[in-house]
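The analysis underlying the following values was restricted to heavy atoms, covering all of them including side chains, and did not include hydrogens, waters or symmetry mates. Everything numeric in this text was worked out from a predicted model, so none of it was measured.
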Amino acid sequence: EAAFIAGSGPLDAGAGAGSPDDYGTFGGGGGGGGRVSLTGTGAFTAALTLKAEPGASGGPLSERGGAGTVALRELGREPILMVSAQSSPSTPASDHAYTPISIPLSLEAFHIKNAAVISTGPPQPITASSSFTFSGESLLSVSTLAFPTAGLQSFIIPAHSTLTAYSMSRDSAWEWVIDGGLYLSTAIIASSVTVRGILSATGITTTGKLSLFGGAWLSHPAAYLPGLALNVGGDLSIAAGAIIDLAARGYPGSRALAP
């Protein structure tokens with residue numbers, strides 16, 4: 001914490017190197033990313049570069065350490081949080097430890113790339129008042145995800161990334177592109193939806209097309225009794241290798257009557 005913050009240098013939460021071995025057992029530990037938090041209580045004229053690297057791998061049998069995080073807060077404004085937003089080659093989030101959140105987060109901006117951010121205990125909400133980016137190969141699990149929708153024309157889940165939320169911000173004018181995995185407990189309302197990965201939602205309503213490419217999987221949350229509602233204003237396209245799969249996702253167990 002400082003009264004006045006100025007300059008243009010980096011805030012760097014680089015990853016540890018990790019231990020390559022553990023007494024010949026190939027079980028050396030992964031190196032975790034760093035943690036940097038900077039708060040300005042007075043004038044804030046800095047144009048800082050925020051850098052956070054994913055955890056490095058250890059021995060052949062170990063996972064990578066958790067991603068680095070950088071938090072920046074100016075007096076009178078909500079903080080900016082960056083988790084593993086780096087320019088180095090992508091490292092799958094499933095290959096390293098997760099960064100936990102245990103309280104609700106109210107942020108100005110939230111950026112996650114090549115990282116796993118998961119609620120510990122009950123799922124926690126995240127609100128970003130200015131911007132939200134979800135890129136690289138990432139995992140994010142929260143209760144609700146709120147961010148501005150103005151100016152956005154599309155929402156994309158990158159390949160090898162997974163977002164899980166009870167609900168999230170959405171706009172009926174968006175084009176949704178699901179190349180990774182998206183698990184929602186609400187419906188999607190959009191101009192069009194393209195699925196190449198996994199999509200679980202209570203329903204889909206589009207003014208345009210719904211396209212399921214080869215390898216796509218579409219379903220609804222388990223034990224969601226109303227079922228999957230599809231209201232497609234344009235064309236519904238289901239390619240070879242795609243599936244709308246509702247098997248074993250009806251009534252919960254221990255009911256007297258089951259489908």
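- For the residue pair S185 and P221, the shortest heavy atom distance occurs at CA-CG, 4.3 Å.
- At a threshold of 4.5 Å between non-hydrogen side-chain atoms, the residues T162 and I157 do not count as touching.
- To the nearest 0.5 angstrom, I244 atom CD1 is 5.5 Å from L212 atom CG.
- Atom CG of D245 sits in a crowded spot, with more than 12 heavy atoms from other residues, nucleotides or ligands closer than 6.0 Å.
- Neither side chain, T149 nor R170, offers a donor N or O lying under 3.5 Å from an acceptor on the other.
- A 4.5 Å side-chain heavy-atom check between L163 and V142 finds every atom pair outside the cut-off.
- Between A190 and W176, the shortest heavy-atom distance links the atoms CB-CD1, 3.1 Å.
- Counting heavy atoms from C-beta on, the side chains of V232 and I204 never come closer than 4.5 Å.
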Evaluate the side chain to side chain contact (heavy atoms under 4.5 Å, CB included) criterion for residues I188 and T205: first the C-alpha distance (whole Å), next the side-chain angles of each, then the deciding distance (0.1 Å), finally the verdict.
-> CA-CA 6 Å; I188 290 177; T205 297; over 6 Å; no
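- Residues F147 and S131 form no side-chain contact, since every pair of their non-hydrogen atoms from C-beta on lies 4.5 Å or further apart.
- The shortest distance between side-chain heavy atoms of S200 and Y183 falls below 4.5 Å.
- Ion pairing of D179 with R196 is present here, as a side-chain N (NZ or NE/NH1/NH2) and a carboxylate O approach within less than 4.0 Å.
- Interatomic distance, I101 CD1 to T120 OG1, rounded to the nearest 0.5 Å: 7.5 Å.
- In terms of heavy-atom proximity, L246 sits nearest to S219 at CD2-OG, 3.8 Å.
- Closest approach of G214 and A239 over heavy atoms only: N-CB, 3.7 Å.
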Test log, rule side chain to side chain donor-acceptor pair (under 3.5 Å), inputs H111 and T133 = CA-CA 5 Å; H111 306 295; T133 58; 2.7 Å; yes
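- Taking each heavy atom of H220 and R249 in turn, the nearest pair found is O-NE, 2.6 Å.
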Test side chain to side chain contact (heavy atoms under 4.5 Å, CB included) on F155 and E175 and set out the steps.
-> CA-CA 6 Å; F155 186 79; E175 297 177 358; over 6 Å; no
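- When every heavy atom of G136 is checked against every heavy atom of N114, the shortest pair comes out as CA-OD1, 3.2 Å.
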Carefully, step by step, assess I178 and I156 under the rule side chain to side chain contact (heavy atoms under 4.5 Å, CB included).
-> CA-CA 6 Å; I178 315 301; I156 300 173; over 6 Å; no
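- L145 places a side-chain heavy atom less than 4.5 Å from the side chain of F132.
- With a 4.5 Å cut-off on side-chain heavy atoms, L182 and I198 do not count as touching.
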